[in-house]
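Below is one structure, written out as structure tokens, with a few remarks after it.
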2 protein chains.
Amino acid sequence: MVKRAEAAAATRSALVRAASELLDEGGPGAVTLRAVGARAGVSRGAPYGHFERKEHLLTEIAVNAWNSLADKVEQLRADPDATPSARLERALLTLIEVGRRQPHLYALMFSTPADDPESAGAAGRLQDQFLAIVADLVGESDALRYGALLMSSAHGIAALELSGHLAKEKWKVGGEQLVRMQVDAIRSGVENADACH
Amino acid sequence: MVKRAEAAAATRSALVRAASELLDEGGPGAVTLRAVGARAGVSRGAPYGHFERKEHLLTEIAVNAWNSLADKVEQLRADPDATPSARLERALLTLIEVGRRQPHLYALMFSTPADDPESAGAAGRLQDQFLAIVADLVGESDALRYGALLMSSAHGIAALELSGHLAKEKWKVGGEQLVRMQVDAIRSGVENADACH
DNA sequence: CATTTTGATGTGACATTGTCATACTAATTA
DNA sequence: TAATTAGTATGACAATGTCACATCAAAATG
């Protein structure tokens, strides 16, 4: 006698896992409810017992990704033997890494409507982690402004890399270098406001 | 007696225009070959006389957008009464403007495979225009590095704005301000290399 | 324990869509 | 005038998201 609640929960997470795998392997076009069901060992209509629409299944994948990323950055933030700017660089590179390793997942994260409460919450967690790291470098009062700029820059780098518009043959730079430049530019800008003039 | 070549060319551009309008009005989901045909005054199968696949029709829309953007930036580049940094800011804002006015078109531009020769050519034209403007500010030798960073930043700002992840209520900044900060940060960084130390 | 209820799952059906094969039509050409 | 051809219309098909309904076992109820 298998408890029904457990079996249902297992099916649900199997569906999410299956959909995630299909997304990574074949892109959005490969995430078919029929394929998801087949890989999860159930039939094509089963997902509708757990998700109202296909979009909600995808949203859950995005939420998981946001949360996992927030966890990583939070962990990274606690690292004591690293300068603030080094921590910031690593945090930004963490985002870019997702874009490289799981490009389809990355695209899904940023195409999921940000007005969805769950998605917004998880994405907000990541943003807050970023903000705290930025504040360590530029101070509380400027953290929002510079945080927005740094996040935009990192996302831009990741997005252009995975769309192929930042080909290394033409631009001669990679994401790591761009992140370093960006952090340096902001750090020197902040320091100059006090020290130089 | 209407010349057939002319009629065909008219149909072709009507298809592209119809598809562009549908994209702007209703997003990618609204761009159906049937809807495109109907709006262009032909039937659902007609597009296949001009485009091998639906994807090619979309690519043409993206190419037009890239070219139009490159034209605007080229025009902007010739403006004499504007400092190099002002020209750069305006160029970056031109990209962001597309994201605001035609979000679906903007998304299409950056989701069209960059390995498509036509699309790559048009996008390359825009990048070269950017590069020239950047070179005016930071010099030829650093133009590639800073150009890549500036373009990433601008695209990141535009993309985050249209995905809703840069809500002004939370971040207290808009695209204009971020672009200004970015250009200032780079300018001051470059000047400091010479002047300060 | 017997019965009823309930929620997850399987299956059939339907509309939509991209795409192909085919037929038709009018412009071009021989 | 007859033949060719390029553009277009139409029918058909497979894939897909989604709904309605049937089924079946676990859980609640008596």
Side-chain angles (χ1 to χ4, degrees), chain A residues 1-62 104 107-108 111-113 116 119, chain B residues 1-62 104 107-108 111-113 116 119:
Chain A
M1 178 181 76
V2 183
K3 286 202 192 101
R4 184 162 60 172
E6 287 175 9
T11 300
R12 185 192 162 97
S13 61
L15 286 169
V16 175
R17 178 166 37 245
S20 298
E21 291 172 4
L22 286 167
L23 179 69
D24 285 344
E25 294 167 12
V31 185
T32 296
L33 285 187
R34 283 159 172 84
V36 171
R39 181 170 294 214
V42 293
S43 88
R44 71 187 187 269
Y48 285 93
H50 302 271
F51 305 94
E52 205 172 309
R53 341 184 91 256
K54 180 190 181 185
E55 188 197 345
H56 294 181
L57 170 59
L58 296 177
T59 297
E60 180 142 330
I61 295 176
H104 300 298
L108 174 67
S111 65
T112 297
D116 176 274
S119 174
Chain B
M1 177 181 80
V2 184
K3 286 203 192 99
R4 185 164 59 174
E6 288 175 8
T11 299
R12 185 191 162 98
S13 61
L15 287 170
V16 175
R17 179 166 37 244
S20 299
E21 291 173 3
L22 287 168
L23 179 68
D24 285 344
E25 294 167 12
V31 185
T32 298
L33 285 186
R34 283 158 172 85
V36 171
R39 182 170 294 215
V42 294
S43 88
R44 69 186 190 270
Y48 285 92
H50 302 271
F51 305 94
E52 205 171 309
R53 340 184 92 256
K54 180 191 181 186
E55 188 197 345
H56 294 180
L57 170 58
L58 296 176
T59 297
E60 180 141 329
I61 295 176
H104 300 298
L108 174 67
S111 65
T112 296
D116 175 274
S119 174

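First the proteins, then the strands, lettered A, B, ... as listed; each starts at 1.
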Round to the nearest Å and state the distance from Glu6(A) atom CD to dA25(D) atom P. 19 Å
One should read off an interatomic distance between Ser119(A) OG and Leu58(A) CG, to the nearest 0.5 angstrom, of 11.5 Å
Output the distance between atom CZ (Arg53(B)) and atom OG1 (Thr59(B)), rounded to the nearest 0.5 Å. 11.0 Å
May I have the list of side-chain donor-acceptor pairs in residues 19-32 of chain B shorter than 3.5 Å, sequence neighbours left out?
unit_1, atom_1, unit_2, atom_2, d
Ser20(B), OG, Val16(B), O, 2.9
Glu21(B), OE1, Arg39(B), NH1, 2.8
Asp24(B), OD2, Gln102(B), NE2, 2.9
Glu25(B), OE1, Arg39(B), NH2, 3.0
Glu25(B), OE2, Arg39(B), NH1, 3.1

Please name the pair of heavy atoms, one in Thr112(B) and one in Ala62(B), separated by the smallest distance, quoted to 0.1 Å. OG1-CB, 3.5 Å
How bent is the helix from dC1(C)-dG30(D) to dA30(C)-dT1(D), measuring the angle between the end axes built from five pairs each, rounded to 10°? 10°
I'd like to know if the side chain of Ser13(A) reaches the main chain of Ala10(A), judged simply by a donor and an acceptor atom lying under 3.5 Å from each other, with no hydrogens or angles considered. yes
With sequence neighbours excluded, what pairs up with Arg12(A) under the side chain to side chain contact (heavy atoms under 4.5 Å, CB included) test? His50(A), Phe51(A), Glu60(A)
I need the CZ-P distance between Arg34(A) and dT9(C), as an integer number of Å. 17 Å
Mind running a 4.0 Å heavy-atom check of residues 47-61 of chain B against DNA chain C and sending the residues that fall below it, in number order? Tyr48(B), Arg53(B), Lys54(B)
Counting only non-hydrogen atoms, which of residues 21-33 of chain B are less than 4.0 Å from DNA chain D? none
What are the two closest heavy atoms between Ile61(A) and Leu108(A), and how far apart are they? CG2-CD2, 3.9 Å
What integer distance in Å separates Leu15(B):CG from dG18(C):P? 13 Å
How long is the straight-line distance from CG of Leu33(B) back to NZ of Lys54(B), given to the nearest 0.5 Å? 6.0 Å
When you compare the side chain of Glu55(B) with that of Pro113(B), does any pair of heavy atoms fall below 4.5 Å? yes
Contact summary for Val42(A) and Ala46(A), nearest pair of heavy atoms: CG2-CB, 3.6 Å
Using a cut-off of strictly less than 4.0 Å between a heavy atom of the residue and any atom of DNA chain D, enumerate the qualifying residues of residues 35-46 of chain B by number. Val42(B), Ser43(B), Arg44(B), Gly45(B), Ala46(B)
